[in-house]
Peer 1: 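Please read through the structure below; I'll follow up with questions.
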Amino acid sequence: MNDNPTYEKAETKAFLLGGKARLRAPIPWVAPYAEIGIGTSIGKFETVTAFDNIDKSGVIYHIPFSFGLELGKNHNVDLGFAYYFQPSVAQYVGALTLGITFP
């Protein structure tokens, strides 16, 4: 490699809709979980790399996957990682998540 910058990008402007199922260990105060599902992404997708040149608009599928911990006496604090894989446009995204449930 010559250490020169390359023109690579992955850009998405989309609305995501889908569902997931959660499997949780029933442990007091700290309950680990994993989620997986299927969904649809509606919008515009562009991926430009050395291996891919994809420019799509419309509806594609995505696969959401998450894992984390439900914390607290009533498991009302959720700390985890969420990922969305969009194989048809060679993209994925991940995020650290924090959720609080109010009774």
Side-chain angles (χ1 to χ4, degrees):
M1 295 245 123
N2 59 12
D3 292 329
N4 288 335
T6 60
Y7 178 75
E8 295 187 345
K9 71 175 181 175
E11 189 173 307
T12 298
K13 295 177 183 169
F15 176 77
L16 280 67
L17 180 67
K20 298 188 281 187
R22 179 178 283 196
L23 180 63
R24 180 175 67 109
I27 301 172
W29 290 92
V30 179
Y33 68 85
E35 295 178 330
I36 193 160
I38 189 77
T40 185
S41 301
I42 305 164
K44 181 168 174 36
F45 312 89
E46 185 177 6
T47 306
V48 178
T49 68
F51 306 104
D52 296 306
N53 189 358
I54 301 168
D55 190 1
K56 285 188 177 183
S57 292
V59 179
I60 65 167
Y61 78 98
H62 68 260
I63 303 166
F65 174 76
S66 304
F67 62 92
L69 300 171
E70 291 180 355
L71 306 170
K73 181 179 179 183
N74 297 316
H75 298 130
N76 56 351
V77 176
D78 185 337
L79 180 62
F81 293 96
Y83 297 93
Y84 292 87
F85 300 97
Q86 297 169 316
S88 62
V89 291
Q91 294 183 10
Y92 64 91
V93 65
L96 175 65
T97 61
L98 176 65
I100 299 173
T101 304
F102 297 100

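Counting from 1, the numbers follow the sequence of the chain as shown. Just so it is clear, the values below take in all heavy atoms, side chains as well, and ignore hydrogens, waters and symmetry mates.
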Peer 1: Can you list every pair that meets salt bridge (Lys or Arg N to Asp or Glu O under 4.0 Å) and has a residue in residues 80-102, with sequence neighbours left out?
Peer 2: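 Qualifying pairs, neighbours excluded: none.
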Peer 1: Any idea which heavy atoms bring Ala82 and Thr97 closest together, and the distance?
Peer 2: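 Heavy-atom minimum between the residues: CB-CG2, 3.8 Å.
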Peer 1: Minimum heavy-atom separation for Gln91 and Thr47, please, with both atom names.
Peer 2: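 Scanning both residues, the minimum pair turns out to be NE2-OG1, 2.9 Å.
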Peer 1: Hydrophobic side-chain clustering at under 4.5 Å (ILVMFWY, transitive links): who's grouped with Val93? Put none if nobody.
Peer 2: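 Leu16, Tyr84, listed by chain and number.
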Peer 1: Residues two or more places apart in sequence or in another chain: which of them pass salt bridge (charged side-chain N to carboxylate O under 4.0 Å, His left out) with Glu8?
Peer 2: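 Scan of Glu8 (salt bridge (charged side-chain N to carboxylate O under 4.0 Å, His left out), adjacent residues dropped) gives none.
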Peer 1: Strictly distance-based, threshold 3.5 Å: is any side-chain N or O of His75 a donor or acceptor partner for the main-chain N or O of Pro28?
Peer 2: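 Absent.
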Peer 1: Take atom CZ of Phe85 as the centre, draw a 6.0 Å sphere, and report whether it contains more than 12 heavy atoms from other residues, nucleotides or ligands.
Peer 2: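 Count over threshold, so yes.
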Peer 1: Which pairs count as side chain to side chain donor-acceptor pair (under 3.5 Å) when at least one residue sits in residues 48-58, sequence neighbours excluded?
Peer 2: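 Applying side chain to side chain donor-acceptor pair (under 3.5 Å) to every pair that reaches into residues 48-58, excluding sequence neighbours, yields Lys44-Asp55.
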Peer 1: Not counting sequence neighbours, which residues clear side-chain contact (heavy atoms from CB on, under 4.5 Å) with Leu98? List them please.
Peer 2: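 side-chain contact (heavy atoms from CB on, under 4.5 Å) list for Leu98, sorted by chain: Val77, Leu79.
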Peer 1: Where is the tightest heavy-atom contact between Ala31 and Ala25, given as atom of each residue plus distance?
Peer 2: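 So the minimum-distance heavy-atom pair works out to CB-O, 3.2 Å.
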Peer 1: Just to verify, what does Glu70 make a side chain to side chain donor-acceptor pair (under 3.5 Å) with, not counting sequence neighbours?
Peer 2: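 Testing Glu70 for side chain to side chain donor-acceptor pair (under 3.5 Å), a comparison that skips the adjacent residues, returns Arg22, Arg24.
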Peer 1: Which residues satisfy the side chain to side chain donor-acceptor pair (under 3.5 Å) test with Lys20, sequence neighbours excluded?
Peer 2: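 Lys20 satisfies side chain to side chain donor-acceptor pair (under 3.5 Å) with Glu35, Ser66 once adjacent residues are dropped.
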Peer 1: Yes or no on side-chain contact (heavy atoms from CB on, under 4.5 Å) for Tyr83 and Ile63, after CA distance, side-chain angles and deciding distance?
Peer 2: CA-CA 8 Å; Tyr83 297 93; Ile63 303 166; over 6 Å; no
Peer 1: For the atom pair OG1 (Thr40) and CZ (Phe15), what is the distance rounded to the nearest 0.5 Å?
Peer 2: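 It is 9.5 Å, given to the nearest 0.5 Å.
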Peer 1: If the condition is side chain to side chain donor-acceptor pair (under 3.5 Å), which residues does Asn76 pass it with, not counting sequence neighbours?
Peer 2: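 Not a single residue meets the side chain to side chain donor-acceptor pair (under 3.5 Å) criterion with Asn76.
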Peer 1: Report yes if some heavy atom in the side chain of Lys73 is under 4.5 Å from a heavy atom in the side chain of Trp29; otherwise report no.
Peer 2: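 Touching, per the 4.5 Å side-chain cut-off.
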Peer 1: Sequence neighbours left out, what passes ring pair (Phe, Tyr, Trp, His ring centres under 6.0 Å) with Phe81? Give chain and number order.
Peer 2: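 In terms of ring pair (Phe, Tyr, Trp, His ring centres under 6.0 Å), with neighbours along the sequence ignored, Phe81 is linked to Phe67.
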Peer 1: Please write out which residues are connected to Ile60 in a hydrophobic cluster, directly or through intermediates, given that two of Ile, Leu, Val, Met, Phe, Trp, Tyr count as joined at side-chain heavy-atom separations below 4.5 angstrom.
Peer 2: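 Other cluster members: Phe45, Ile54, Val89.
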Peer 1: Just to verify, what does Tyr61 make a side chain to side chain donor-acceptor pair (under 3.5 Å) with, not counting sequence neighbours?
Peer 2: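 Tyr61 satisfies side chain to side chain donor-acceptor pair (under 3.5 Å) with no other residue.
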Peer 1: If every non-hydrogen atom of Pro64 is compared with every non-hydrogen atom of Gly39, which pair is closest and at what distance?
Peer 2: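 So the minimum-distance heavy-atom pair works out to CD-N, 4.3 Å.
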Peer 1: Taking salt bridge (charged side-chain N to carboxylate O under 4.0 Å, His left out) as the definition, give me every residue that meets it alongside Lys9, ordered by chain and number, with sequence neighbours left out.
Peer 2: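 Only Glu46 meet the salt bridge (charged side-chain N to carboxylate O under 4.0 Å, His left out) criterion with Lys9.
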